[in-house]
Amino acid sequence: MDGPIAGWRLAAGSRAELLDPFPPRYAEVVADHVTHGRRGVAPPLPEALSARVGGRADDGVGVEALVVEIGASTARWDGSRYHLTWSLAPGRAAKESNDVIASRGWQPLEEPIAIELEPADWP
């Protein structure tokens with residue numbers, strides 16, 4: 001049986017600070033967490049945590065994500081990228097952010113933006 005999902009919640013202050021430079025493009029604003037993986041499957045969360053938004057991805061038809069650096073890397077242990085699903089059009093799902101980033105790539109920001117993340121688990 002799979003365990004809960006482990007990752008980080010985006011602190012309310014960081015979320016508010018990011019909404020101004022990155023107004024959500026689609027109707028459903030997600031902008032709340034960065035997934036690390038399922039407990040029992042993923043390695044433990046990194047202990048020393050610094051996080052920055054380093055880029056943006058958008059498929060132009062309903063999935064927008066911000067790519068996040070954990071430590072000094074955007075690379076997640078499973079080969080995908082750490083990210084915040086930022087906004088979604090109706091009928092789209094947050095899990096599609098991984099596919100959009102993998103297939104279409106992402107645009108780096110000129111200057112990464114420091115954010116505060118809080119370790120969390122959820123079902």
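On a predicted model such as this, the values are computed, not experimentally measured, just so you know.
Inter-residue side-chain proximity for Pro46 and Ile70 is flagged as met; some heavy-atom pair is nearer than 4.5 Å. Val34 places a side-chain heavy atom less than 4.5 Å from the side chain of Leu117. Side-chain contact between Asp32 and Arg9 is present, with at least one heavy-atom pair separated by less than 4.5 Å.
Nearest approach of Leu45 to Pro119, heavy atoms of both residues: CD1-CB, 4.1 Å. When all heavy atoms are compared, the tightest approach of Pro123 to Ile5 is O-CD1, 4.0 Å.
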Check residues 11-22 and write down every donor-acceptor pair under 3.5 Å in which the side-chain atom is one partner and the other belongs to a residue at least two apart or another chain.
unit_1: Ser14; atom_1: OG; unit_2: Glu116; atom_2: N; d: 2.7
unit_1: Arg15; atom_1: NE; unit_2: Ala31; atom_2: O; d: 2.8
unit_1: Arg15; atom_1: NH2; unit_2: Val30; atom_2: O; d: 3.3

Distance-only check: which donor-acceptor pairs under 3.5 Å involve side-chain atoms of residues 100-113, not counting sequence neighbours?
unit_1: Ser103; atom_1: OG; unit_2: Asp99; atom_2: O; d: 2.9

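The CD1 atom of Ile115 lies 8.5 Å from the CG atom of Leu66; values are rounded to the nearest 0.5 Å. How far CH2 of Trp8 is from OG1 of Thr35: 9.0 Å, rounded to the nearest 0.5 Å. Between Ser97 atom OG and Arg81 atom CZ the span is 14.5 Å, to the nearest 0.5 Å. For the atom pair Arg38 CZ and Asp78 CG, the distance stands at 12.5 Å (nearest 0.5 Å).
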Exercise for the section: Test side chain to side chain contact (heavy atoms under 4.5 Å, CB included) on His83 and Thr74 and set out the steps. Expected result: CA-CA 8 Å; His83 65 275; Thr74 62; over 6 Å; no
Practice task
Let me see the working for Arg52 and Glu69 under salt bridge (charged side-chain N to carboxylate O under 4.0 Å, His left out), right down to the final yes or no.
Solution key: CA-CA 5 Å; Arg52 305 183 316 169; Glu69 298 172 6; 2.8 Å; yes
Problem - Test side chain to side chain contact (heavy atoms under 4.5 Å, CB included) applied to Asp59 and Glu64, step by step - result: CA-CA 7 Å; Asp59 68 358; Glu64 177 184 28; over 6 Å; no
Exercise for the section: Tell me, with the steps shown, if Arg39 and Asp121 meet side chain to side chain contact (heavy atoms under 4.5 Å, CB included). Expected result: CA-CA 9 Å; Arg39 291 244 185 243; Asp121 288 347; 2.9 Å; yes
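Under the 3.5 Å distance criterion, with hydrogens and angles disregarded, no donor-acceptor pair is assigned to the side chains of Arg25 and Ser87.
A distance of 6.0 Å or more separates the ring centres of Tyr26 and Trp86.
With Ser73 contributing its side chain and Ala75 its backbone, the two residues share a donor-acceptor pair below 3.5 Å. With hydrogens and angles disregarded, a donor-acceptor distance shorter than 3.5 Å links the side chain of His36 to the backbone of Pro43.
Cluster membership for Tyr82 and Leu84, using ILVMFWY side-chain heavy atoms within less than 4.5 angstrom, is shared.
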